[in-house]
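Everything on this sheet refers to the single structure shown next.
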Amino acid sequence: MKGSTHRRCYCRDAETGKPLGKKCPKLTSRKHGSYSIRQELPPRADGIRRSFSRAGYESIKAAQVDLDHIRALLGLADSDDSEGLDQIAELLEKVADEKAPLPDIEATRRRLSHGLDLTSRLTVGEWLDIWLAGKKGRQSAISRDESNIRVHLQPRIGHVRLDRLRVTHLSEMFEAIAEANVEIAEGNAARRKAFEDLAKIAWKGREPRARRKAMKAAIAEMDPYRRIVGPATRQRVRSTLRAALNAAIAQQLITFNPAAHVELEAGRRPKALVWTEERILHWKRTGEKPSPVMVWTPEHTGLFLDHVAEDRLYALFHLVAFRGLRRGEACGQRWTDTNLDAGLLTVAKQLVVNGWEVYEDDPKTDAGARTIALDSDTVQALTRHRAQQDKDRKEKEWESAWVETGRVFTRENGELLHPANVTRRFIELHEELGLPPIRLHDLRHGAATLAHAAGAGLKDIQEMLGHSSITITSDTYTSLLPEADLAIAEAAARLVPRARTTPENIAPEAEAEFDDAESADAESVPDGADPFGEIREINFPSAHAPLTQTAWDARSEAE
C-alpha cells in the first residue's frame, strides 16, 4: 500500500487568505515548514478508502521512522488475513484521531496473536476477568480467587492498564486496606459500645423508652459489623494477583510481575494453646479466647465424648478427636475405604462446601490421600455406628426413601451430611456441657497434641494428619499438654547436680514442719473451690481417661 512523506508549511496568501501549500516560496529553505506522512490503510468492508496522516515532523528522517513503524504494524497480519488487517487499520485510525503515540510493534503482535482487541487498552480488571474465566482447578480455590478479585483487586486497581501496573500501585492498595482496617475496627467498636449503652437503659418508663428508640435508630444508621483484612488474607490476595500476572507473562502481555516484589507482613499461623485452668478463668471473666486455635485437655475431650456417647454422630466426633480427620474428610468417608477388620481407614474423598453447595472432591493435598491405623476403641465405635446405620436402613419409616450413598456418616435417611450442619451440632453439644469453646477443626489439633504427648514423632503425626509439609505440623498442631511440659521440666532440672539442701535430704523434724506448713496452706483454700467454674466434673476422670491420659507423670516420679 502506498505511503509517502512530504514537506509543507502553513503560510497563507496575504490577499486571499488561502494556504500557499507547495507554492510557498520559502519552501526552498530546509528550515521552513515541517514534514508530514501519509499511509494508505486497508479499505473498510464496504470499500471506503482510509488512510493514516500525521504532520509536524522537524526532519524527513523522523517522518520516515514513523512511516516505517506504520508499515511494520500493517505487516503483522498476513495479506490474506482480512480480519487482522482490519483490526490494525482500526487501531491506526484511532491513534491518528487521538494524536496518540504509535503502538509498540511487539505488544501489538502479542495482542493480535491472542485474539485481544487492539483498539482497547487492556486493564488489570479486564485481564483478571479473562484469567478467572479460564482458570482450572478446585472449585473452592476458584471461589477464593473470585472473592479476592471482586472484593479487593477490582475496586482498587481494576482501572489500571495491565502493562502499566507497578509495585507502587500495589503498595498503595495494601496501605489503603490497612487504613480501611482502622476504620472497620473503629466502626465495630462504636457499634459494640452502642449496644452496651442500649442494654443499660431501663425498659419501663416513657423517657427510657424514648431513649431506647433513639438509640436503636442510631444503631440502624451505623455500618454493620465487618471483618478486618488480616495479614493472612492480604497474602492470599497477593497470591491471586501474582498467579494472574504470571499467566499474563506466559501469554507475553507483560514482562514484569509487580505482585512478586511488593512487601507484606507475614501471615503467621496461630499457635494452638491448651485450655489450662488459668486460661479458662480468663475466658470466663472476659469472654476472650487466648488464641484463635484452642485445644481441649484430655479430661475435656473425655467429658465431651461421654456426653455425646448416645448422639447419632458420636463415631464421627470420636474419629476426629483421636485420628485427626478433617471435617470434609470425615463427612466424605466411604465404607469401601474403611476396613474395620484390619483396623485401617483410607482417606480417598472429601466433601467440600462452596457457598452452601456441597460437592465431592479429592483430598486437599496429595499427602491428604493416606491410610490411617485405627485403635480398638475407634474400631468399636465405628462398628456400633455401622450396626445402627444398617438398622436405620431397614426401618419401615424409610423403606424406599432411604438414599444409598455408601458414606460412613450420613443423615437419618442416608443422604450426604452437610459439613456446616456437623459443625453446628458440635457447637450445640459442647455448649450443653459448658466446656470452653473450640472449633470442630480444633479436635484435629487435639488429636495431634494427644499423639505427640503419647510419644509419636512429628513425621508420624504429619502422616496421620495428611500434611504436605512437616513445618505445618510442627508450627501449628503440636502444642504440648501441660502434664508433658511439667514432666520435661522436672526431668531437665534433675540433670543438674546442686550442692544446696533439697527436699530429699531434709531432716525428719524439718520435714514434719514442712508438712504442717503445707497443711496450713491447704486449709486456707475454701472447701469446694472449683477453678473451672461450672465445669466441676473436669476434676474427675471420665470413661475416656484411659484413652487420653499419658504416662508422663508416672515416668517423672519413677525417674
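Formation of a donor-acceptor pair under 3.5 Å by the Asn148 side chain with backbone atoms of Asp145 is not found in this model. At distances below 3.5 Å, at least one donor-acceptor pair connects side-chain atoms of Arg279 with backbone N or O atoms of Val274. When atom types are taken as modelled, the side chain of Asp442 and the backbone of Val295 share no donor-acceptor pair closer than 3.5 angstrom. Using a distance-only test at 3.5 Å, with no hydrogens or angles considered, a donor-acceptor pair links the side chain of Thr286 to the main chain of His282. A donor-acceptor contact shorter than 3.5 Å is absent between the side chain of Glu186 and the backbone of Glu183. A donor-acceptor pair is defined here as one N or O able to donate and one able to accept, closer than 3.5 Å; no such pair exists between the side chain of Arg226 and the backbone of Asn188. A side-chain donor-acceptor contact under 3.5 Å links Thr123 to the backbone of Glu126. Judged purely by atom type and a 3.5 angstrom limit, Arg238 uses its side chain to pair as donor or acceptor with the backbone of Val262. The main-chain N or O of Leu112 is never found under 3.5 Å from a side-chain atom of Gln87 such that the two would form a donor-acceptor pair.
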Determine whether Arg425 and Asp311 satisfy the following criterion, salt bridge (Lys or Arg N to Asp or Glu O under 4.0 Å), listing intermediate values before the conclusion. CA-CA 10 Å; Arg425 182 58 179 160; Asp311 191 84; 2.6 Å; yes
Go through the steps to decide whether Ile149 and Thr240 satisfy the test side-chain contact (heavy atoms from CB on, under 4.5 Å), and finish with yes or no. CA-CA 8 Å; Ile149 290 171; Thr240 296; 4.0 Å; yes
Steps toward side-chain contact (heavy atoms from CB on, under 4.5 Å) verdict (Glu288, Trp283): CA-CA 5 Å; Glu288 297 177 356; Trp283 163 67; over 6 Å; no
Given salt bridge (Lys or Arg N to Asp or Glu O under 4.0 Å), test Glu428 with Arg424 step by step and report yes or no. CA-CA 6 Å; Glu428 292 173 352; Arg424 185 180 296 113; 5.6 Å; no
Could you give me the CA-CA distance, side-chain angles and deciding distance for Leu382 and Val408, then say whether side-chain contact (heavy atoms from CB on, under 4.5 Å) is met? CA-CA 8 Å; Leu382 290 173; Val408 175; 4.3 Å; yes
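Under the 6.0 Å distance and 45° angle rule, Arg407 does not count as a cation-pi partner of Trp335. In this structure, Arg234 fails the cation-pi test against Phe174, since its NZ or CZ atom is not both closer than 6.0 Å to the six-membered ring centre and inside 45 degrees of the ring normal.
Checked against the 6.0 Å centroid threshold, His300 and Phe304 do not count as a close aromatic pair.
Side chains of Asp392 and Glu412 form no contact here, defined as non-hydrogen atoms less than 4.5 Å apart. Contact annotation: the side chain of Thr336 never approaches that of Thr346 to less than 4.5 Å [non-hydrogen atoms, C-beta and beyond]. Within the 4.5 Å cutoff, the side chain of Phe409 has heavy atoms near those of the His385 side chain. Using a 4.5 Å cut-off on side-chain heavy atoms (C-beta onward), Arg242 and Asn257 make contact.
Crowding of Glu404 atom CD: a count of heavy atoms from other residues, nucleotides or ligands under 6.0 Å exceeding 12. The environment of Asp390 atom CG is dense: over 12 non-hydrogen atoms of other residues, nucleotides or ligands sit within 6.0 angstrom.
A perpendicular orientation is assigned to the rings of His430 and Trp296, their planes being inclined by more than 60° (bins at 30° and 60°). Between His318 and Phe322, the ring planes are tilted. Angles from 30° to 60° get that label.
Under the 4.0 Å criterion applied to side-chain N and carboxylate O atoms, Asp223 and Arg191 are not assigned as salt-bridge partners.
A side chain to side chain donor-acceptor pair (under 3.5 Å) with Arg370 is found for one member of Gln462, His467, Glu329 and no other, namely Glu329.
Sorted pairs that involve residues 140-161 and meet ring pair (Phe, Tyr, Trp, His ring centres under 6.0 Å), not counting sequence neighbours, are lacking altogether.
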